[in-house]
Amino acid sequence: QVQLVESGGGLVQAGGSLKLSCVASGRTFSTYAMGWFRQAPGKEREFVANIRWSDAMAYYADSVKGRFAISRDNAKITVSLQMNSLKPEDTGVYYCAATKRLRYGNNAVDYDYWGQGTQVTVSS
């Protein structure tokens with residue numbers, strides 16, 4: 001099993017920045033990549049970004065390209081999400097996820113482990 005714990009959420013004004021972190025523990029060697037998803041009230045969970053442990057290859061949702069940056073620290077088994085130029089529509093619960101699959105994408109079903117989530121609220 002893999003345990004994921006997110007931190008760093010909070011309340012910020014539009015245009016501001018936040019940095020989320022996700023610490024992984026347990027059988028982390030079984031995971032191939034990590035991702036961030038978010039879910040706004042009344043909406044489905046949506047992909048934000050993902051990153052591969054081995055070479056840091058990363059992908060982003062179009063809605064966050066150029067504003068968000070995902071990174072990983074293999075030594076600390078931590079994945080971070082730097083969020084800049086935040087907008088009210090970025091509001092939601094942000095979840096960290098891990099996948100054991102070599103073939104994965106931006107669908108939540110591709111991910112095997114999930115954190116509890118951290119709330120991000122962007123005020124206008």
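With hydrogens and angles ignored, the 3.5 Å screen pairs a side-chain donor or acceptor of Arg67 with a backbone N or O of Ser85. Without hydrogens or angle criteria, Asp73 side chain to Ala75 main chain gives a donor-acceptor distance under 3.5 Å. Side-chain N or O atoms of Asn74 include one that pairs as donor or acceptor with a backbone N or O of Trp53 at under 3.5 Å. Between the Gln82 side chain and the Phe68 main chain, no donor and acceptor come within less than 3.5 Å of each other. With hydrogens and angles ignored, the 3.5 Å screen pairs no side-chain donor or acceptor of Thr31 with any backbone N or O of Phe29.
Side chains of Tyr113 and Cys96 form no contact here, defined as non-hydrogen atoms less than 4.5 Å apart. Side-chain contact between Val12 and Thr121: absent, with no pair of heavy atoms (C-beta onward) separated by less than 4.5 Å. The shortest distance between side-chain heavy atoms of Val48 and Tyr60 does not fall below 4.5 Å. Proximity of Gln1 to Gln3: side-chain heavy atoms (C-beta onward) are separated by under 4.5 Å at one or more points. Between Thr91 and Val120 there is no side-chain heavy-atom pair separated by less than 4.5 Å. Using a 4.5 Å heavy-atom threshold, the side chains of Ser7 and Lys19 count as separate.
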Taking it one step at a time, do Asn50 and Tyr111 satisfy side-chain hydrogen bond (donor to acceptor under 3.5 Å, both in side chains)? CA-CA 11 Å; Asn50 61 23; Tyr111 294 78; 3.1 Å; yes
Could you walk me through whether Tyr95 and Phe37 satisfy the ring-ring contact (aromatic ring centres under 6.0 Å, His included) test, starting with their C-alpha distance in whole Å, then the side-chain angles of each, then the deciding distance to 0.1 Å, before giving a yes or no? CA-CA 5 Å; Tyr95 296 92; Phe37 289 75; 8.7 Å; no
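Between atom OH of residue Tyr32 and atom CG of residue Leu102 there is a gap of 5.5 Å, rounded to the nearest 0.5 Å. Interatomic distance, OG1 of Thr99 versus CZ of Arg52, reported as 12.0 Å (0.5 Å rounding). Atom CD1 of residue Ile77 and atom CE of residue Met34 lie 9.5 Å apart, to the nearest 0.5 angstrom. To the nearest 0.5 Å, atoms CZ (Arg45) and OH (Tyr94) are separated by 13.0 Å. One finds the CZ atom of Arg72 at 11.5 Å from the OG atom of Ser80 (value rounded to the nearest 0.5 Å).
Across all non-hydrogen atoms, the minimal contact from Leu81 to Ala49 is CD1-CB, 4.4 Å.
Evaluation of the side chain to side chain donor-acceptor pair (under 3.5 Å) rule for Asp110 yields no partner, not counting sequence neighbours.
With salt bridges taken as basic N to acidic carboxylate O contacts below 4.0 Å, none links Lys87 and Asp90.
The local environment of CD in Gln119 is crowded, with over 12 non-hydrogen atoms from other residues, nucleotides or ligands closer than 6.0 Å. Heavy-atom contacts from other residues, nucleotides or ligands closer than 6.0 Å to OH of Tyr59 number 12 or fewer.
Results of the salt bridge (charged side-chain N to carboxylate O under 4.0 Å, His left out) test with Asp112 over Lys100, Arg27, Arg101 single out Arg101 as the only residue that passes.
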